[in-house]
Amino acid sequence: MRLRPFQKYRSSLLTRFILIIAVALLFIPVLIPISLIASWGVNRILYPMPKVERNPVYQSGKELESLWHKEALALSTSTPEEINKRLEELKTMYPDASLFWVDQTGTTRLQLPQQETLPLKWSISDAITFMKQRVDADPFTIVAFIDGEEEPGRGFMVFELPRTFMNIVSEDRPSDTRFLFGFFSLMLIFFILLSYFFFRDIRRRLLRLEAAMTHTGENGVPALIQEGRPDEIGRLETAFNHMVDELNDSQKREQEEENLRKSLISNLSHDLRTPLTVLASHLYSISKEPLSEQGRQSLSLMETKIGDLDGLIDHLLSYNLLASGRYALSLKKQDILRIVRESAAAWYPVWEKADIEADITLPDEPLHWNVDEQGLRRVLDNLFQNLVRHASGGCYVGISLTKWRGTVALVISDRGPGMRSTSPTKGAGLGLPIVDLLLQEMGLTRDTESSSEGTSIYIYSV
């Protein structure tokens with residue numbers, strides 16, 4: 001199923017990843033204002049501003065202090081009478097406050113109202129004691145030098161007001177930015193989790209695909225997997241399922257062809273044996289008749305070819321049984337040197353007739369392998385037959401034991417032209433495949449070294 005271009009890019013992993021990167025780029029400039037606003041809102045909800053009833057006459061402490069210092073500075077060039085007059089005006093403005101002033105000689109002048117606790121004559125220690133007592137105390141007290149200097153050149157004036165009349169501004173409410181780090185961290189964690197889930201999903205789908213590729217069913221073919229979203233990995237999953245379907249179809253066709261081949265070989269082998277038997281019997285009858293020399297040679301050639309055809313049929317049947325796993329073998333410990341000697345003795349007349357010198361060098365001690373005796377004899381017969389057919393020109397066959405790949409190996413060698421040369425008696429080429437299948441069933445293997453000076457076949461246990 002082909003995706004339309006827009007749908008293809010919308011469902012693409014690349015598009016999703018670019019979207020995450022774009023969010024990350026906008027993350028910092030947007031995060032800080034959002035975090036500030038959120039922190040301010042939560043701080044307002046948890047710690048609301050105290051409700052203050054505004055006094056229309058009195059202000060907050062900072063406002064009163066600023067106003068009193070300005071009044072003192074404005075009176076820096078005024079006469080005592082003008083100072084008294086101004087204080088009386090301020091008293092009418094702030095009727096609940098207590099006002100007085102002290103001149104440069106330390107004498108208490110005007111008191112509004114009269115206070116018995118105030119000294120009439122101020123010393124430095126009295127001034128210091130008075131100021132210490134009024135720090136963060138009730139009444140709220142403001143001391144301002146009349147000339148505006150830090151030293152009392154023209155004296156000082158005092159404003160006292162009970163704190164109950166003041167507009168109190170709460171300074172105990174926490175800062176609006178106290179939750180800023182928390183909101184910033186939450187949004188950062190959100191971005192990290194978004195990236196984590198994106199890559200975790202990709203990793204999980206890839207691991208599932210890897211598991212499907214590496215685990216095969218009973219037929220040796222991976223199982224189909226469930227297809228996910230139509231992105232790049234989804235299309236890979238679709239391609240994998242298509243490949244599995246193709247493998248199943250191919251395996252099914254191969255199995256059908258294999259069954260057809262085996263059935264064909266089996267039927268042909270049985271159908272061919274009957275006419276071959278009839279031909280062989282008639283050739284035997286003809287051999288009893290008086291024939292010329294040329295006739296006897298032709299008869300001998302026909303008998304040889306019928307024997308070759310019978311051997312080929314036997315090879316076909318054996319290969320068919322071995323390939324299908326229906327060739328019965330009985331494995332047990334056998335002295336293979338005894339079997340080799342008996343097989344060589346059976347072939348000795350054939351070698352003698354072909355002028356092949358037999359060099360059999362085997363030790364007296366037995367060598368036990370876990371083999372099937374008839375199967376091993378079949379292997380030796382095929383190898384000896386190939387030697388007679390294709391390497392008789394070397395006039396030599398050698399049978400011995402040697403060390404090969406760290407173990408003891410049986411060596412069958414000749415001095416023929418080698419396996420790469422073209423033989424005029426070359427057959428269907430089933431001899432060595434049958435040898436290999438039989439050796440494999442018995443837990444043995446074969447190595448071959450061949451050159452123009454001869455061939456050596458090593459048979460050893462794996």
Side-chain angles (χ1 to χ4, degrees), residues 1-4 7-8 11-13 201-276 309-331 371-372 374-375 378-379 382 386 426-448 462:
M1 181 180 67
R2 292 181 62 85
L3 299 174
R4 289 179 297 179
Q7 184 181 0
K8 177 180 178 181
S11 60
S12 172
L13 289 173
D201 180 64
I202 294 176
R203 179 178 179 273
R204 182 165 39 188
R205 294 170 67 189
L206 289 176
L207 288 177
R208 185 182 64 179
L209 190 59
E210 178 192 11
M213 290 179 177
T214 54
H215 293 81
T216 57
E218 296 180 356
N219 58 352
V221 177
L224 295 173
I225 62 173
Q226 183 178 0
E227 298 177 13
R229 291 185 298 272
D231 51 22
E232 287 82 355
I233 299 179
R235 293 196 291 274
L236 183 61
E237 293 168 344
T238 303
F240 174 78
N241 286 340
H242 178 71
M243 180 195 69
V244 171
D245 290 336
E246 291 291 331
L247 286 175
N248 285 325
D249 293 341
S250 175
Q251 190 179 61
K252 185 178 179 181
R253 290 193 300 269
E254 182 181 354
Q255 187 65 37
E256 292 174 353
E257 292 172 359
E258 181 69 14
N259 293 335
L260 179 62
R261 181 185 62 81
K262 291 177 181 178
S263 176
L264 180 62
I265 291 175
S266 179
N267 293 333
L268 283 176
S269 299
H270 286 93
D271 292 343
L272 287 174
R273 281 189 182 279
T274 300
L276 284 178
L309 185 58
D310 186 67
L312 176 60
I313 294 173
D314 189 48
H315 278 344
L316 285 171
L317 280 173
S318 299
Y319 185 78
N320 195 28
L321 291 173
L322 285 168
S324 61
R326 293 184 295 168
Y327 194 94
L329 292 176
S330 177
L331 302 180
V371 298
D372 177 77
Q374 294 303 320
R378 184 78 181 256
V379 169
N382 284 351
N386 284 344
K426 185 176 181 180
L430 291 176
L432 288 180
I434 292 174
V435 167
D436 291 335
L437 286 173
L438 282 170
L439 291 176
Q440 181 180 352
E441 292 294 324
M442 293 186 290
L444 305 176
T445 189
R446 170 182 69 92
D447 288 346
T448 302
V462 294

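Computed from heavy atoms alone, side chains included, the values below leave out hydrogens, waters and symmetry copies.
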**Request:** Take T448 and L432, measure what side chain to side chain contact (heavy atoms under 4.5 Å, CB included) needs, and give me the verdict at the end.
**Result:** CA-CA 11 Å; T448 302; L432 288 180; over 6 Å; no
**Request:** Could you tell me which non-hydrogen atom of A212 sits nearest to which non-hydrogen atom of I225, and how far apart they are?
**Result:** CB-CG2, 3.2 Å
**Message:** To the closest 0.5 Å, what do you measure between CG (N241) and CD (E246)?
**Reply:** 12.0 Å
**Request:** Quick one: pull up CG in L438 and CG in L444 and give me the separation to the nearest 0.5 Å.
**Result:** 10.0 Å
**Message:** Quick one, R204 and L207 - any side-chain contact, counting heavy atoms below 4.5 Å?
**Reply:** no
**Item:** Nearest non-hydrogen partners of F240 and A223, listed with the distance
**Value:** CE2-O, 3.6 Å
**Asked** Where is the tightest heavy-atom contact between G375 and M442, given as atom of each residue plus distance?
**Response** C-CE, 4.1 Å
**Asked** Nearest 0.5 Å, what's the CG-CD distance between L247 and E254?
**Response** 10.5 Å
**Spatial distance of atom CG (N248) from atom NZ (K252) [nearest 0.5 Å]** = 10.0 Å
**Message:** Nearest 0.5 angstrom please: R378 CZ to L437 CG, how far?
**Reply:** 11.5 Å
**Message:** Measuring only between side-chain heavy atoms, which start at C-beta, is L439 closer than 4.5 Å to T445?
**Reply:** no
**Prompt:** E237 pairs by side chain to side chain contact (heavy atoms under 4.5 Å, CB included) with which of Q226, R208, H242?
**Reply:** R208
